[in-house]
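Down below is the structure, laid out as structure tokens.
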2 protein chains.
Amino acid sequence: MSTQDELRVIALAEFTSAGYSATSLQRIAELAGVSKSSVLYHFTSKEQLLEAAISPAIDQMETVLAPLETIGSLGDRQRFLEDFVDFLLMYRLEVNMFINQGPSLVDVPVIERGSALVVRLAQFFSQNSQSVEENMRFGIALGGAAYMLCTASTYGLEFPADETRAALISIMSELLAPISTR
Amino acid sequence: MSTQDELRVIALAEFTSAGYSATSLQRIAELAGVSKSSVLYHFTSKEQLLEAAISPAIDQMETVLAPLETIGSLGDRQRFLEDFVDFLLMYRLEVNMFINQGPSLVDVPVIERGSALVVRLAQFFSQNSQSVEENMRFGIALGGAAYMLCTASTYGLEFPADETRAALISIMSELLAPISTR
DNA sequence: GAAAGTGCTGACCGATCGGTCAGCTATTCT
DNA sequence: AGAATAGCTGACCGATCGGTCAGCACTTTC
């Protein structure tokens, strides 16, 4: 792995666990075994390092959300949900960071891009219902999943990957099912 | 409201929205219309200001969790859940901060106290089941509720208080119901 | 073999951080 | 009236922050 890739991976892990503003370039450099100057050679600023760390996840979310407006049958919906859960599992660090720290990182372009996607997703899941509960079910599913996938390990909870996937799909299906099928 | 109380309220709001480490004492002082020195007169350090800001919430959580081990009937359980939801609503800022930034604030005593309470709560809701899904339902309910109560406003969502309470109780009851009743 | 480019470094910069301290003002206590 | 206390302040401190820059070693290109 190139130094640049290594820095991106380390930065993502630190940004997620300690927080963006609490993570110094110096610390990232030390963890990577290079100098701070080297970090700023590969990335022109701390903010650009953040962009590089999470933009692949936002790109992938864009791809996963592409067929959103064409979902028709319940089968379509189930397939989309599974793809979305796979996305959450694959990019759990990025998602957690976006969910937890996104609101304090407005004006970072990639964060705004992600926010727009979340709004689009929320609109889909509540388009046939303006009820408070319906909107809250979506919020709890999204925020809860992001929380589970990262923060849970704080309490020493570690789950097998396949079981995690199955459980997540099951719970989110339940939370996000159309009213008519509940 | 005394200057001290005002500082605590402002600090809590800023810590929650911008993050603990991203919030400077200077900024808190400016928002309160006093000098930075004045902040450090009322609170001996930034960390102690954090303690003062969230310890009332942790105290209240301790009170709410007190009857946890004596819960017997489904009625007990329902009453506890309602009390817990009321606690979440009352201390939404503190809870959000604890959930989102707690893991990066270990070694702060009040955070550790809160973590112990969450562990105790998790054990209750999964004591009769070590299944992955059961544990995840708890995590999603807790993390999701915390997310909804604060971050959702980022996306311009604002719900009436009473509807929020009812919906939250309904959703969390569903997520945390004993397996036997599902 | 000179020139150009890549990866990386230490020295250094201004700004800001959390925190200390002496001292000011106004109120309260004796 | 005088002493003590509470509330608050500006000046200042060392440390650390993100970021700049000249220059080093090495490889590739011409």
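On a predicted model such as this, the values are computed, not experimentally measured, just so you know. Numbered from 1 within each chain, the chains take letters A, B, ... in sequence-line order.
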dC8(C), OP1 or OP2 - any side-chain N/O from S35(A) closer than 4.0 Å? no
Is there a side-chain contact between V110(B) and R113(B), using heavy atoms and a 4.5 Å cut-off? yes
Let me know the distance between CD of Q4(B) and C1' of dC8(D), rounded to the nearest Å. 13 Å
Could you tell me whether the phosphate oxygens of dT16(C), OP1 or OP2, come under 4.0 Å of any side-chain nitrogen or oxygen in S24(B)? no
Cation-pi check, K46(B) to Y20(B): give yes when NZ or CZ is under 6.0 Å from the six-membered ring centre and within 45° of the ring axis, no otherwise. yes
Heavy atoms only, 4.0 Å cut-off, all strands: where does S38(A) land among base, sugar-phosphate and nothing? base
Is the shortest side-chain N/O distance from S37(B) to OP1 or OP2 of dC21(C) below 4.0 Å? no
Identify whether any heavy atom of S2(A) sits under 4.0 Å from a base atom; if not, whether one sits that close to sugar-phosphate; answer base, sugar-phosphate or nothing. nothing
Closest to side chain of Q26(B), choosing from dC17(C), dC8(D), dG19(C): dC17(C)
Is there side-chain contact between F80(A) and V64(A), with heavy atoms separated by less than 4.5 Å? yes
Which word best sums up how the rings of F87(B) and Y91(B) line up, parallel for under 30°, tilted for 30 to 60°, or perpendicular for over 60°? tilted
If only side-chain N and O atoms of Y41(A) are considered, is one of them under 4.0 Å from the OP1 or OP2 phosphate oxygen of dG7(C)? yes
Less than 4.0 angstrom between a side-chain N/O of H42(A) and OP1 or OP2 of dT6(C), yes or no? no
How is S21(B) classified with respect to the nucleic acid when contacts are heavy atoms under 4.0 Å: base, sugar-phosphate, or nothing? nothing
Determine the contact category for L40(B): base if any of its heavy atoms lies under 4.0 Å from a base atom, sugar-phosphate if only primed atoms, P, OP1 or OP2 are that close, otherwise nothing. base
Closest to the side chain of K46(A), out of dG18(C), dG19(D), dC8(C), is dG19(D)
